[in-house]
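Here the structure is laid out as structure tokens; the discussion comes afterwards.
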Amino acid sequence: MEDLDNLKATELTLGLPGTSDAPEKPATVSSRVNRRTNEECCTFARNRSEDTAAPAAKARAVGWPPVRSSRMNSCRARKMETEDNSGIYVKVSMDGAPYLRKVDLRIYNGYKELRNALDDMFRCFSLGGVEAHIGESDNAITYEDRDGDWMLVGDVPWEMFISSCKRLRIMKGSEARGQ
Amino acid sequence: MVRGFGGAAAFPDEVWELVFSFLAADADRNAVALVCRGWHRIERRSRRRVFVGNCYAVAPAAAVRRFPEVRAAAIKGKPHFADFNLVPTDWGGGAEAWVEAMAGGWPHLEELRLKRMVVSDDCLELIARSFKNFGVLSLVSCDGFSTAGLAAIAANCRNLRELDLHENEVEDNCLNWISHFPESFTSLVSLNIACLEGDMNTSVLECLISRCPNLKTLRLNHAMPLEKLVSLLQRAPQLVDLGTSKFSADHHPELLSKVESTFAGFKHLKSLSGIWEAGPAYLPAIYSVCESLTSLNLYYATIQSPELLKLVSECKNLQRLWVMDLIEDNGLIAVASSCKLLQELRVFPSDPYGVAPPISLTEHGLVAISAGCLMLHSVLYFCRQMTNAALLTIANNRPNLTCFRLCIIDPHTPDYISQEPLDAGFSAIVESCKDLRRLSLSGLLTDRVFKSIGASANRLEMLSVAFAGDSDVGLHYILSGCKNLRKLEIRDCPFGDKALLDNTSKLETMRSLWMSSCSVTLGACRQLAQKMPRLNVEVIDERRGRPLESWPDDFPIEKLYIYRTVAGPRSDTPPCVWTV
């Protein structure tokens with residue numbers, strides 16, 4: 001059985017890593033293949049003959065494991081548990097500023113404090129000669145999350161934000177508005 | 001010989017009412033109501049408590065009309081899977097229709113308990129104004145309201161005894177809603193505000209606590225700092241049920257001794273929860289109450305295994321324990337030897353998405369508990385590995401299980417030693433535990449396990465299935481067996497049309513059926529709806545905007561919710577829901 005698994009892993013396919021191609025018929029009881037989490041995606045496709053709403057590379061199903069979303073404080077629980085007093089240092093860049101800064105996200109209690117801190121740090125790099133306060137309407141603070149996407153700061157709970165933020169970028173208002 | 005034995009004419013109505021008042025169970029009262037018209041009339045006029053398991057199963061006006069003297073009502077709305085974001089937020093479950101009907105027909109209502117419903121501030125205001133003797137408001141897993149609505153309750157319900165807010169989504173727009181309780185208000189017995197996010201004004205809360213001498217239950221939210229918590233708790237040494245706020249602070253010897261003496265002052269404390277973010281510095285202050293505790297909820301306590309172990313080992317009289325998997329197998333082994341009176345255990349995952357290093361919590365912990373805790377009857381257990389042998393052992397150790405919910409976090413996980421499906425293990429559970437009322441399955445499972453469940457699980461009332469089974473036969477086994485099944489919820493299983501259509505009459509004996517990401521087609525739903533007019537067959541599809549009528553029969557259904565009802569199709573379906 002293990003040989004089969006290893007062979008399968010070296011097969012060339014066009015799929016994304018962690019997905020399988022055609023929906024598998026489940027093996028008989030006596031020769032059960034050891035399914036791993038990566039094959040969750042194909043098990044969605046398993047039920048349908050056509051490719052309808054099969055999710056993409058994300059192996060995680062909606063609402064699974066069945067823990068209440070309000071209890072996603074557990075992520076926080078796990079973070080605290082390690083009693084990790086080392087800070088979460090991320091780079092902060094601002095468009096037009098000659099150098100970047102680094103901030104420790106752990107020392108702030110929420111978005112307001114972060115905005116104030118960034119304001120203090122970058123105030124001297126006023127854009128086009130005008131005193132621009134970070135966090136007010138003409139600047140957007142964005143961050144790069146674990147997936148590599150650039151997100152607007154402030155949408156998700158603070159704890160979720162600091163655990164997924166890799167770096168920060170302060171965008172000029174015009175760019176933030178897509179102009 | 002008495003003519004018309006059992007007939008209503010043999011005794012005055014009041015005598016029958018008194019007899020019926022000894023029937024606590026709704027099922028018994030329902031049975032009584034079917035005996036004859038006389039009993040039906042007497043029973044309905046004397047019923048004081050009503051439980052509506054599905055708010056759409058009956059029209060509010062009909063319920064209010066039939067039972068005019070109700071004093072306590074409990075109503076449930078959304079399907080259980082709404083807790084895991086599987087139900088669209090606008091699906092329904094609004095409370096207005098019920099609250100309006102009750103406001104008109106039950107002016108003497110004293111208790112209202114709503115679960116998974118959408119409750120607006122207007123609803124809360126209507127409740128506050130309509131029921132002069134209102135005493136108990138319990139909102140569990142509800143949303144749609146804000147602290148402004150709570151302010152209305154506080155201001156107007158002069159005789160409020162119990163305000164229980166459990167895991168609701170509450171918008172915070174009225175910071176000082178607690179101050180709306182008038183100075184003359186002293187009747188509070190139970191206050192649970194653990195789900196509120198915002199800061200509380202501690203001095204207002206202290207005033208309230210001080211003037212309510214009957215306060216037995218107090219569950220605070222996490223916002224209050226430890227020093228303030230302590231001064232508040234010193235006003236209420238009579239508490240039986242305490243949910244603390246944040247249980248950590250910088251280490252100060254005076255604060256520590258204050259916490260210790262406060263807890264030492266609790267002579268009647270039986271239930272403890274909250275303990276948010278407990279650090280090792282202040283945790284030992286709890287030890288003085290451990291021996292008297294019967295219920296301990298450490299869900300929010302981010303304590304490591306050694307401290308957890310020490311803490312639970314002190315709790316010799318514990319009957320209910322909710323804890324994170326940080327307790328690990330060692331901790332559970334300690335629980336098994338210390339907590340001999342344990343009846344209910346819930347172990348939650350601290351790291352559900354597996355991003356942190358793995359924890360040493362396995363099947364061994366649960367097996368130890370099943371061996372050591374003879375009174376254990378209710379289990380919820382999240383873990384990452386399981387074996388058939390372990391499940392067999394658990395089944396043999398604890399045939400008295402009534403609730404067994406096992407969640408192996410990765411779907412399709414087999415027995416990690418034999419690589420077999422976990423059919424044999426779960427079959428052993430249902431065959432051995434004859435009183436099993438609730439079961440949740442997980443891991444790699446074939447149709448065989450459903451055959452066992454259908455055949456053996458005669459008392460089973462609720463079954464949750466995910467990522468299991470091979471074919472329709474699995475679903476057919478359940479629907480053709482499980483005599484007492486009330487609620488069935490299924491996700492991501494290859495169950496389809498045939499099993500549903502072969503067992504249509506079964507569906508009317510159940511409260512509801514939820515199926516999502518299975519293999520049901522629209523055609524089967526149409527057939528089912530046509531055949532069974534007293535079922536609402538709701539097709540939920542958030543993907544496309546075209547109306548249901550234009551889809552072909554072989555269109556695969558994304559989500560399906562079927563429930564029995566005497567109220568016909570509901571009128572408040574959102575765009576993503578179609579009643580077939």
Side-chain angles (χ1 to χ4, degrees), chain A residues 1-2 5 23-55 58-84 146 157-160 163-164, chain B residues 81 83-86 141 167-169 195 222 248 276-277 279-280 299-304 324 326 348-356 382 407-414 416 419-421 423 440 442 444 446 448 464 466-467 470-471 491-496 516-519 543 556 558:
Chain A
M1 270 310 112
E2 282 85 49
D5 277 352
E24 317 174 356
K25 255 298 152 242
T28 55
V29 171
S30 53
S31 60
R32 179 62 59 180
V33 173
N34 184 11
R35 292 164 202 250
R36 303 197 192 104
T37 40
N38 296 344
E39 292 175 51
E40 268 175 68
C41 327
C42 82
T43 59
F44 292 114
R46 194 157 76 102
N47 305 327
R48 298 148 183 267
S49 47
E50 79 258 45
D51 219 11
T52 48
K58 273 255 162 24
R60 196 186 304 161
V62 174
W64 190 267
V67 187
R68 294 216 50 199
S69 46
S70 64
R71 291 188 179 168
M72 276 303 98
N73 291 328
S74 60
C75 295
R76 176 169 71 187
R78 199 72 175 97
K79 290 276 168 291
M80 303 279 179
E81 183 253 330
T82 53
E83 299 218 312
D84 195 354
R146 281 221 191 99
W158 175 253
E159 294 296 338
M160 196 189 286
S163 67
S164 57
Chain B
F81 275 176
D83 286 356
F84 316 124
N85 302 322
L86 288 178
S141 305
E167 293 188 352
N168 302 294
E169 301 264 337
C195 66
H222 68 93
S248 71
W276 299 75
E277 299 159 31
Y299 184 83
Y300 295 108
T302 54
I303 324 175
Q304 305 235 30
M324 298 294 270
L326 303 170
F348 296 96
S350 58
D351 176 35
Y353 301 132
V355 292
F382 282 82
C407 181
I408 304 167
I409 291 180
D410 291 335
H412 307 290
T413 306
Y416 74 96
Q419 299 306 320
E420 296 284 303
D423 297 337
S440 297
S442 58
L444 184 64
T446 73
R448 278 191 324 163
S464 307
F467 304 103
D470 306 315
S471 73
R491 61 164 295 171
D492 293 280
C493 297
F495 298 152
S516 56
S517 304
C518 297
S519 307
R543 294 170 298 179
E558 189 184 54

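Chain letters run A, B, ... following the sequence lines, proteins first, then strands; residues in each count from 1. If you're wondering where the values come from, they're calculated on a predicted model, not measured in any experiment.
Nearest heavy-atom pair, A:R68 versus B:S141, reported as atom, atom and distance to 0.1 Å: NH1-OG, 2.9 Å. The nearest pair of heavy atoms linking B:N85 to A:V62 is O-CG1, 4.0 Å.
Listed by chain and residue number, B:W514 satisfy the side-chain hydrogen bond (donor to acceptor under 3.5 Å, both in side chains) test with B:S516 (two or more places apart in sequence, or in another chain).
Between B:D410 atom CG and A:W64 atom CH2 the span is 10.0 Å, to the nearest 0.5 Å.
Between B:F382 and A:P66 the shortest side-chain heavy-atom distance falls below 4.5 Å.
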